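Only one structure is covered here, and it is reproduced in the block below.
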Amino acid sequence: MTISATDDTEQFDIVKCYQKFLKEDPDVSMPIAAIESLVEVIKHSKATTLSEFMESLKDASQKLKSSVKNSISLSAGADLFLRFVTRTSHDVTNFEACKEHLMNSGKVLVEKAAAVREKIGDLGVQFIKDDATILIHSYSRVVMLLLQRAAACKKRFKVYVTESRPSCLGIRATEVLCKAGIPATVIYDTAVGYIIDKVDAVFVGAEGVVENGGLINAIGTYQLAVVAKAANKPFYAVIESYKFVRLFPLNQYDLPTHTPDLLTFPDLEHHTDLSEDEIIGNYEAINPTVDYTPPDYITLLCTDLGVLTPSGVSDELIKLYL
């Protein structure tokens, strides 16, 4: 994929570059699009010293993170690539050759992203039994691939999909599954407790996996995990290792996305003058879009690094960042 830009780094806009990658390839994940965008920064860099080069990459990464409301998934890819750049730059003898090496390595990483999902699909099939009823939340490309892989292996199962408000991506997931010949139906987010006794296993993706093995994902994932544990149902996270993030949230309110505006009470004096659409818009603006699921609620994580327990995530993060 080629992004047109001028040779002047001051005119190169990493945010537009990132948005173009996402628009041109609907299947690309945010971390991979972030890495692709940073590779373009290297390509257009006019830095003459290693110090200038590293500073320009850090500035571009920060600009990218600041451009989105929820930067958790994006940050995972950007931080991983910056760590790779830092490690590689220690042995620099030829600056231009180093830049060429970094661009090539970034492209290889992007090309391997599809293979990563394929590997996860192969590993995860074992957790879907014949005649099982599966419950999934929102839309996750890697979860979709896993379910399609299971169907290709002639396993018979059906899927309940939470509507996943406010994005309603559960509807999209249901359409994808039905087109693939997999029986799927949408349920209200509030119907999870009602349906859980009919479910054999729960599968979710994630925007990020934190240091203790917990998940940051679309709002509603945590309550789904709580209900699954209360009903003694296995709760599996299906996730690419490039979404492992160096965060250690203590609770729901310790996430990078949390702001003082979330879940504030409305001003009743002015509230009565609003239309129904304005009221809904105001409520959506003050409600969280992601939540944190502690590791105690997660049975296993199915990743391209293997099937991990939540406690195994910290060991893998150490390997990635040392």
Side-chain angles (χ1 to χ4, degrees), residues 29-32 72-77 79-80 112-129 132 134-150 159 162 164 173 199-252 255 290-322:
S29 62
M30 293 175 70
I32 294 301
I72 292 166
S73 187
L74 183 159
S75 295
D79 291 348
L80 183 63
K112 287 183 176 179
V116 162
R117 290 177 180 166
E118 294 288 337
K119 184 176 181 180
I120 295 171
D122 290 338
L123 283 173
V125 166
Q126 63 183 300
F127 300 112
I128 299 178
K129 308 302 181 185
I134 306 297
L135 175 59
I136 68 171
H137 180 58
S138 190
Y139 178 87
S140 163
R141 293 178 183 88
V142 71
V143 172
M144 294 294 102
L145 187 147
L146 167 59
L147 295 176
Q148 289 167 349
R149 181 62 55 82
V159 184
T162 56
S164 311
V199 169
D200 296 299
V202 179
F203 288 82
V204 299
E207 295 198 16
V209 179
V210 299
E211 293 182 43
N212 65 359
L215 306 178
I216 299 175
N217 196 36
I219 192 72
T221 304
Y222 176 45
Q223 68 183 19
L224 183 54
V226 170
V227 172
K229 186 165 186 176
N232 199 29
K233 306 292 183 178
F235 184 93
Y236 300 111
V238 187
I239 185 80
E240 305 96 322
S241 62
Y242 52 71
K243 289 184 179 179
F244 288 9
V245 292
R246 299 181 71 185
L247 292 173
F248 203 110
L250 301 177
N251 52 44
Q252 301 297 331
L255 299 179
V290 296
D291 59 26
Y292 164 62
T293 302
D296 294 347
Y297 294 91
I298 301 164
T299 307
L300 290 170
L301 296 98
C302 187
T303 81
D304 50 291
L305 301 176
V307 178
L308 306 176
T309 61
S311 61
V313 172
S314 59
D315 292 336
E316 296 301 331
L317 269 168
I318 291 172
K319 294 176 188 176
L320 286 171
Y321 283 90
L322 279 184

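All values below come from the heavy atoms of this structure, side chains included, with hydrogens, waters and symmetry mates left out. This one's a predicted model, so the numbers in the text were calculated from it and none came from an experiment.
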> Counting N and O atoms only, with roles assigned by atom type, does the side chain of D304 sit under 3.5 Å from a partner on the main chain of S241, one being a donor and the other an acceptor?
Replying inline: yes
> Are the side chain of H137 and the backbone N or O of G205 linked by a donor-acceptor pair below 3.5 Å?
Replying inline: no
> Going from CG on L250 to OH on Y292, what distance comes out if it is rounded to the nearest 0.5 angstrom?
Replying inline: 8.0 Å
>> Using 0.5 Å steps for rounding, measure from the CG atom of L317 to the CG atom of L80.
In response: 9.5 Å
> Taking the inter-plane angle between the rings of Y236 and F203 on a 0 to 90° scale, is it parallel (under 30°), tilted (30 to 60°) or perpendicular (over 60°)?
Replying inline: tilted
> Going from CD1 on I298 to OG on S311, what distance comes out if it is rounded to the nearest 0.5 angstrom?
Replying inline: 11.0 Å
> Looking only at heavy atoms, what is the nearest atom pair of V142 and E240, with distance?
Replying inline: CB-OE2, 4.1 Å
>> Taking S314's backbone N and O only, do any of them form a donor-acceptor pair with E211's side chain (distance below 3.5 Å, no angle check)?
In response: no
>> Looking at N251, I want to see if its CG is surrounded by more than 12 non-hydrogen atoms of other residues, nucleotides or ligands under 6.0 Å.
In response: yes
>> For S29 versus R117, what's the shortest heavy-atom pair and its separation?
In response: CB-NH2, 3.4 Å
> Backbone N or O of D296 within a donor-acceptor pair of the K229 side chain at under 3.5 Å?
Replying inline: yes
>> With heavy-atom distances below 4.5 Å as the criterion, would you say the side chains of I136 and L147 are in contact?
In response: yes
> Is any side-chain heavy atom of R246 closer than 4.5 Å to a side-chain heavy atom of F248?
Replying inline: no
> Got L305 and K319 here, is their nearest side-chain heavy-atom distance under 4.5 Å?
Replying inline: no
> Where do A173 and S138 come nearest, in terms of heavy atoms and distance?
Replying inline: CB-O, 3.7 Å
> Got a donor-acceptor contact below 3.5 angstrom from the T299 side chain to the P234 backbone?
Replying inline: no
>> Just so I know, are the side chains of V204 and T293 near enough to count as touching, which here means a heavy-atom distance under 4.5 Å?
In response: no
>> Evaluate L146 against I120 for side chain to side chain contact (heavy atoms under 4.5 Å, CB included), listing each step before the verdict.
In response: CA-CA 7 Å; L146 167 59; I120 295 171; 5.8 Å; no
> Does a side-chain heavy-atom distance below 4.5 Å link E316 with L308?
Replying inline: yes
> Is the backbone N or O of Q126 less than 3.5 Å from a side-chain atom of K129, with the two atoms forming a donor-acceptor pair by type?
Replying inline: yes
> Do L301 and T309 touch side chain to side chain, with heavy atoms closer than 4.5 Å?
Replying inline: no
>> To the nearest 0.5 Å, what is the distance between CD1 on I239 and CD on E207?
In response: 9.0 Å
> Between G220 and D291, which heavy-atom pair has the shortest distance, and what is it?
Replying inline: N-OD2, 2.8 Å
> After noting the C-alpha distance and the side-chain angles of F235 and L215, does the key distance pass the side chain to side chain contact (heavy atoms under 4.5 Å, CB included) rule?
Replying inline: CA-CA 12 Å; F235 184 93; L215 306 178; 4.1 Å; yes
> Taking all atoms of both residues into account, what is the closest heavy-atom pair of L255 and P249, and its distance?
Replying inline: CD2-CB, 3.8 Å
>> Just so I know, are the side chains of V209 and T303 near enough to count as touching, which here means a heavy-atom distance under 4.5 Å?
In response: no
>> Quick check: closest heavy atoms across Y242 and P31, and the distance to 0.1 Å?
In response: CD1-CB, 3.7 Å
>> Any heavy-atom pair between the side chains of V238 and F127 that's under 4.5 Å?
In response: no
> Quick one: CD on E118 to CZ on R149, what's the gap to the nearest 0.5 Å?
Replying inline: 4.5 Å
